[in-house]
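Accompanying notes for the structure given below.
This one's a predicted model, so the numbers in the text were calculated from it and none came from an experiment. Ligands are counted one by one from 1 in listed order, and the atoms in each one are counted from 1 as well.
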Amino acid sequence: MKVYANRTQEINESVTLRLNQKAQKLKDKGTQIYNLTAGQLPFKPDVSFVNSIKNQLNFLQSYQYSPTGGFEQLHRNLFSYMKIKYDFNFDKFSQNGKFKFKLFVSGGAKQVIFNFLGAVINPGDEVIILAPYWLSYPSMVKIWGGKPKIISRDIVDGFIPDLNEVENSITEKTKLIIINSPNNPTGIHYSKKWMERFADLMNEYPNLLCLSDEIYRDLYYFDPKPVYHYEIDSSLFARTMIVNGISKSFACTGLRVGFGLADEKIVNRVLKIQSHSSSGPNSLVQRSLINYDFEQVEKFLVDVNSHLRRNADIIKEVFKKKKLAKCWYQVNSAYYFMLDFSYTNVFKAIKKDHNSTDDLSKIICDKLLKEFGIIIVPGSDFGAPNCARVSIVLEHESFKEAMEKLTVFLNSKN
Ligand code: PLP
């Protein structure tokens with residue numbers, strides 16, 4: 001009998017977490033490095049939220065199990081906030097009583113997505129994933145026995161998914177499409193026009209479900225703001241699983257709280273999985289959010305977004321100055337920029353065989369670390385060969401230094 005489960009052979013460890021640990025180890029040894037792997041802000045959360053946590057420290061309930069899907073008072077607070085923020089009339093939608101949606105809380109958006117997928121995927125179901133993608137989607141789909149179907153776009157098209165290609169890939173086995181706007185790893189959000197076309201596509205396939213990963217929803221630094229297909233056509237809400245959480249917009253990746261909202265029948269299945277895997281999420285953090293005024297985060301995000309905008313401008317300035325316009329596109333949201341090596345000297349120098357289609361991103365990223373002390377994440381794990389993800393959260397001065405060095409590296413001919 002085999003010791004290890006076959007499913008573990010199909011998935012890899014999360015490369016971003018591994019590289020982040022590697023960067024930390026090098027730093028601890030005193031090596032000067034620029035860690036551009038992070039999917040988290042280098043700031044503490046807003047003081048109002050820290051105080052809210054402190055206020056809950058004296059309560060016994062903060063240390064005890066919460067209900068599996070989180071505290072109901074928290075659902076209420078979250079929901080009132082969503083009613084203000086979303087361009088969607090939740091009450092009107094459920095008024096006829098035919099449809100009931102439900103919120104739940106999990107240990108981070110990652111767990112929300114994992115459990116949503118577990119609630120709807122049957123073995124053999126196809127799940128459409130738009131590349132470059134957040135690297136956990138394909139692994140999660142495989143763990144639940146589904147088949148990822150990858151639709152790719154590259155820098156020439158600004159990494160904007162082609163919905164005609166998506167449509168052509170739909171078969172009778174297609175259960176679900178995952179969208180992620182604002183996007184990790186490309187740092188863009190899709191336009192209203194794209195969402196309108198996506199809404200049309202969803203309407204053409206009435207059995208298709210959508211998982212909308214909105215973890216970066218509030219992190220955009222150029223207008224217009226992100227919009228979603230169910231805000232354009234509210235009937236699509238019934239087939240959409242919405243994912244969000246506090247990791248990114250509260251600068252709290254370590255606190256592990258995420259939210260999901262969907263049809264009650266889906267959420268009830270999620271809760272079965274959650275009740276046997278992790279139970280309810282962190283009670284202390286949940287309680288600190290029950291009376292929390294989410295408007296405070298809006299204020300916190302003004303500075304965060306202007307910080308990101310400045311770093312996005314630094315990329316533009318440095319890349320243009322170094323005549324790397326072909327590797328540049330305008331990022332407008334989330335924390336990332338996707339670097340395409342294909343048009344660079346360093347790529348041409350490393351690519352010995354002109355006809356080869358091998359992915360060289362890992363080799364190039366290793367060379368960058370060795371020669372310039374810069375860590376970025378190879379694109380192979382994001383479904384983007386010969387690319388790499390650059391995190392743009394660093395303090396401006398270090399970020400500018402890193403971009404100057406990176407562009408020297410990209411232009412080097414050996
Ligand atoms: N979805 C995307 C697109 C992400 O980038 C991340 C984290 O990097 C997550 C989900 C998971 O977020 P959390 O830290 O809340 O689990």
Side-chain angles (χ1 to χ4, degrees), residues 13-21 23 35-42 45 49 70 74 78 103-118 127 129-141 143 148 150 159 161 176-190 210-220 226 228 240-261 270 274 277-278 281-282 285-286 289 297 304 308 331-338 376-377 379 381-384 389-393:
E13 184 198 355
S14 163
V15 70
T16 41
L17 294 183
R18 185 167 48 76
L19 281 176
N20 215 2
Q21 282 157 17
N35 181 2
L36 305 183
T37 66
Q40 60 189 346
L41 292 167
F49 182 53
L74 172 56
L78 265 173
L103 255 168
F104 67 99
V105 190
S106 296
K110 195 176 246 178
Q111 197 187 27
V112 173
I113 299 167
F114 189 73
N115 292 353
F116 262 146
L117 296 178
V127 177
I129 297 174
L130 309 172
Y133 46 71
W134 181 49
L135 44 76
S136 290
Y137 300 140
S139 295
M140 288 185 185
V141 168
I143 291 173
I150 311 293
F159 296 114
L176 170 76
I177 174 162
I178 300 178
I179 59 167
N180 171 221
S181 172
N183 184 271
N184 174 6
T186 60
I188 56 162
H189 55 277
Y190 306 144
C210 170
L211 185 144
S212 178
D213 180 351
E214 300 172 14
I215 189 76
Y216 298 98
R217 185 180 179 116
D218 295 320
L219 287 148
Y220 66 95
Y228 297 90
T240 303
M241 295 169 266
I242 297 176
V243 179
N244 209 331
I246 64 168
S247 289
K248 309 294 175 173
S249 44
F250 279 61
C252 285
T253 50
L255 295 186
R256 312 309 304 135
V257 166
F259 322 116
L261 179 72
V270 164
Q274 199 152 299
S277 50
S278 60
N282 188 320
V285 180
Q286 281 194 75
L289 289 165
V297 173
V304 170
L308 295 170
V331 283
N332 55 21
S333 47
Y335 302 158
Y336 316 100
F337 169 70
M338 199 72 187
I376 56 178
V377 189
D381 293 275
F382 300 104
R389 189 188 75 176
V390 177
S391 161
I392 69 164
V393 298

Measure and list all N/O to N/O distances between ligand 1 and the protein that fall under 3.5 angstrom.
from     : atom 1 : to     : atom 2 : distance (Å)
ligand 1 : 1 (N)  : Asp213 : OD2    : 2.6
ligand 1 : 5 (O)  : Asn184 : ND2    : 2.7
ligand 1 : 5 (O)  : Tyr216 : OH     : 2.7
ligand 1 : 8 (O)  : Lys248 : NZ     : 2.7
ligand 1 : 14 (O) : Ser247 : OG     : 2.8
ligand 1 : 14 (O) : Arg256 : NH1    : 2.8
ligand 1 : 15 (O) : Ala109 : N      : 2.7
ligand 1 : 15 (O) : Ser247 : OG     : 2.8
ligand 1 : 16 (O) : Ala109 : N      : 3.1
ligand 1 : 16 (O) : Lys110 : N      : 2.9
ligand 1 : 16 (O) : Arg256 : NH2    : 2.7

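For the pair Trp134/Ile113, a side-chain contact is recorded, criterion being any heavy-atom separation below 4.5 Å from C-beta on. Considering only heavy atoms from C-beta on, Val331 stays 4.5 Å or farther from Ser333 through its side chain. Two residues are said to be in side-chain contact when any heavy atoms from C-beta on lie closer than 4.5 Å; Phe116 and Met140 fail this criterion.
The side-chain contact (heavy atoms from CB on, under 4.5 Å) with Val112 is formed by just one residue from the set Val257, Asn244, Val243; it is Val243.
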For a side chain to side chain contact (heavy atoms under 4.5 Å, CB included) check, start with the C-alpha distance between Val377 and Phe382, then their side-chain angles and the critical distance, and finish with the verdict. CA-CA 9 Å; Val377 189; Phe382 300 104; 3.5 Å; yes

From CA spacing to verdict: ring pair (Phe, Tyr, Trp, His ring centres under 6.0 Å), Tyr336, Tyr216: CA-CA 11 Å; Tyr336 316 100; Tyr216 298 98; 5.8 Å; yes

